[in-house]
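Comments concern the structure below.
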Amino acid sequence: MNTGPQAQYFDFLARGQHRIQRCTDCASAVFYPRVACPKCGGVLDWIEPEGAAVVYSTTTIRRTPEAGGDYNLALVDLAEGVRMMTRIVEIAPEAVKIGMPVRVAGVGADGQTVLYKPVGVA
Amino acid sequence: MMRGLRGKVAIVGAGQAGLGKAEGFTEMEILAQAAHAAVADAGLKMHDIDGLTTASVLAPMWAMPVVEYLGLNPTFVDSTMLGGSSFVAHMLPAIHALDSGQCNAVLVCYGSTQRTSSISRKVITGVRRDFDPQPYEYPYEPLNPLATYAMAAARHMHDYGTTRENLADVVLAARAWAQLNPEALRREPLTMAEVLASPMVSDPLGALDCCMVNDGAAAYVMVRADRAKDLAQKPIYILGNGTRVYGRQGSSLPSLTETAAAESGRAAYAMAGVSASDIDVVEVYDAFSINTILFLEDLGFCPKGEGGRFVAGGNIGPGGGLPVNTNGGGLSCIHPGMYGAFITVEAVRQLRGTCGARQIAGAELALVHGNGGTLSSQSTAILGTAATL
């Protein structure tokens, strides 16, 4: 079935694969997925990001233990040059710092999220 | 060309209603109360209104029921929805419509009963997920708008050395102004220690770094300057207005510390022919304490990165170097969902000279700055008395 880039993105995630786009004309990396390059209007192709990113900003959202407890929310800058929302896992939420190098940890159990973890965590 | 519209239109009426808790009233009812108050304040009748701008947090076709409820037949309607900045951003389209003769009197109006509403935040979030999708943010449960502003604050602290005490200075200044405003909802004394001890909600923002959730409605009326002189109130002229939109989601903005306010401000200053150093009183949308710091920088009141130090020591409170958010702001006066019309009303009152204990002596030039979404849309207006024309 012919689908749009949003369905394709989540289909990749369902197979455990994180993909972003790159413009075949101006070579810009693009996230989130679109039907045409937001910089030049060019045609977009899927690429697999290398996996490295740096924390642009981070917060610990406070929640009662009954509601699931505190959790991290972050914006990370991927090596390819795009920013995305994520959660940094395998570390206490408040221990996440701006500028911290992180690596992709995989697709979340919900199949909707891509999680990152600090570099050096196995 | 924009310069030619400087001072062509004046705000001649302002009104508010349902401030705090409007138990038993609908959004439309308090909106209509504020609208009638603003029209009466101008010395006009509702049938004189032939232009309407409005927007709703909940209803996407909101202008139509407002036309119906108020009994209007407008020749100009604008319901551009940019979040909380909308009611500042509505000025320039209205100025064009008034200047061209498309209409003669524009009513800007807004109301929300989010405090007493029976619709829970959980239900609204669920509906938004479907009707207003952000599939690259929602799955991370970002608790927006709060968490994006928290990440802006964290990044500002990281880049510029801003401290939680600096954020608290914004909260304390707002509270000090609120204590001079009988309409303000949070007026009890507050100390630095209490602000710093308030529970974290999304680090580095504590509960007292966040605006209130209230009911309330606000409205104002614009007419051409030539007609303004014959109406009931001292006219407050719109000297400049500029709006910029950088997107919707925090994750897609180019920066969380340099906002579109720099561009909206430049446009408004250029149209008005003034600069930050000319401004007597500043009303900026303080949904969170970090907002005031970001906007004072982006609007040129201090260099980028210096906002934290600029607000320290009571500099933006009563008796300080620059009066900011003289009603007490969204932090301590009122915040019913989208706040842009309320800061406009406060600026009009300051320039009329009717603010009582919080009045800025000799205020002739005011800056109003609205913010929408998660730092997504920014709209700046410069208002002035006849002396500034």
Side-chain angles (χ1 to χ4, degrees), chain A residues 4-10 13 18-21 30-34 38-39 54-64 67-78 81-89 92-100 107-116, chain B residues 121-122 125 129-130 133-162 164 167 198-210 245-259 288 290 294 374-375:
Chain A
Q6 182 171 314
Q8 292 173 36
Y9 175 80
F10 286 104
L13 287 194
H18 184 220
R19 292 291 182 274
I20 64 171
Q21 293 173 308
V30 172
F31 191 83
Y32 53 90
R34 291 168 167 87
K39 295 210 171 69
V54 172
V55 175
Y56 171 75
S57 196
T58 178
T59 184
T60 302
I61 297 175
R62 302 294 178 169
R63 198 168 53 176
T64 59
D70 299 346
Y71 62 99
N72 175 262
L73 183 78
L75 298 179
V76 294
D77 290 333
L78 276 58
V82 294
R83 182 170 298 161
M84 62 177 284
M85 183 170 280
T86 186
R87 288 191 192 180
I88 314 295
V89 296
E94 61 275 11
V96 178
K97 301 297 177 200
I98 291 170
M100 180 181 273
V107 176
D110 59 1
Q112 304 287 303
T113 52
V114 177
L115 307 176
Y116 281 75
Chain B
R121 184 189 169 92
K122 194 176 175 188
T125 303
R129 193 177 281 256
D130 292 329
Q134 296 180 56
Y136 308 98
E137 287 204 350
Y138 281 140
Y140 300 95
E141 299 180 73
L143 195 67
N144 270 327
L146 166 64
T148 297
Y149 289 96
M151 289 193 289
R155 186 74 202 191
H156 201 275
M157 290 171 147
H158 174 269
D159 287 354
Y160 304 117
T162 306
R164 281 207 71 216
L167 297 175
S198 74
M200 279 289 160
V201 287
S202 182
D203 303 31
L205 300 182
L208 288 172
D209 289 292
C210 306
V245 181
Y246 280 178
R248 170 70 190 275
Q249 309 177 98
S251 55
S252 293
L253 296 175
S255 167
L256 290 183
T257 56
E258 295 178 48
T259 76
F288 300 93
I290 185 64
L294 291 173
T374 47
L375 296 169

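Below, all heavy atoms of this structure are taken into account, side chains as well, without hydrogens, waters or symmetry copies. Note on naming: letters A, B, ... go to the chains in the order of the sequence lines (proteins, then strands), and numbering restarts at 1 for each one. This one's a predicted model, so the numbers in the text were calculated from it and none came from an experiment.
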Below 4.5 Å from any heavy atom of chain B, which atoms of [X] appear? Answer side chain, backbone, both or neither.
X: Val55(A); value: backbone
X: Thr60(A); value: both
X: Val76(A); value: neither

Out of Ala154(B), Pro204(B), Pro199(B), which one racks up the most heavy-atom pairs below 4.5 Å with chain A? Ala154(B)
All salt bridge (Lys or Arg N to Asp or Glu O under 4.0 Å) counterparts of Glu141(B), not counting sequence neighbours: Arg63(A), Arg87(A)
Can you sort out the partners of Arg62(A) under salt bridge (Lys or Arg N to Asp or Glu O under 4.0 Å), two or more places apart, ordered by chain and number? Asp70(A), Asp203(B)
Hey, does the side chain of Tyr56(A) reach the backbone of Ser255(B) with a donor-acceptor pair shorter than 3.5 angstrom?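 Side chain of Tyr56(A) to backbone of Ser255(B): no pair is present.
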Can you tell me which of [options] forms the most heavy-atom pairs within a distance under 4.5 Å of chain B?
options: Ile98(A), Val82(A), Leu75(A); value: Ile98(A)
options: Arg83(A), Lys97(A), Glu94(A); value: Arg83(A)
options: Asn72(A), Thr58(A), Asp110(A); value: Thr58(A)

Euclidean distance, [Y] [atom2] relative to [X] [atom1], rounded to 0.5 Å:
X: Ser252(B); Y: Phe31(A); atom1: OG; atom2: CZ; answer: 8.5 Å
X: His156(B); Y: Ser57(A); atom1: NE2; atom2: OG; answer: 12.0 Å
X: Met151(B); Y: Ile61(A); atom1: CE; atom2: CD1; answer: 7.5 Å
X: Tyr136(B); Y: Met84(A); atom1: OH; atom2: CE; answer: 10.5 Å

What I'd like to find out is whether the side chain of Gln112(A) reaches to under 4.5 Å of the side chain of Tyr138(B), using heavy atoms alone.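 When only atoms from C-beta onward are counted, Tyr138(B) and Gln112(A) do not touch, as no gap falls below 4.5 Å.
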Ser251(B) side chain near Tyr32(A) side chain, heavy-atom distance below 4.5 Å: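 Of all side-chain heavy-atom pairs linking Tyr32(A) with Ser251(B), none is under 4.5 Å.
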Which region of Pro254(B), side chain (C-beta onward) or backbone (N, CA, C, O), has a non-hydrogen atom less than 4.5 Å from a non-hydrogen atom of chain A, or is it both or neither?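 Answer is backbone: N, CA, C or O of Pro254(B) sit under 4.5 Å from chain A.
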Atom group of Leu146(B) that falls short of 4.5 Å from chain A, counting heavy atoms: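 Neither part.
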Please test Tyr71(A) against Tyr140(B) for ring-ring contact (aromatic ring centres under 6.0 Å, His included), starting from the C-alpha separation and ending with a verdict. CA-CA 10 Å; Tyr71(A) 62 99; Tyr140(B) 300 95; over 10 Å; no
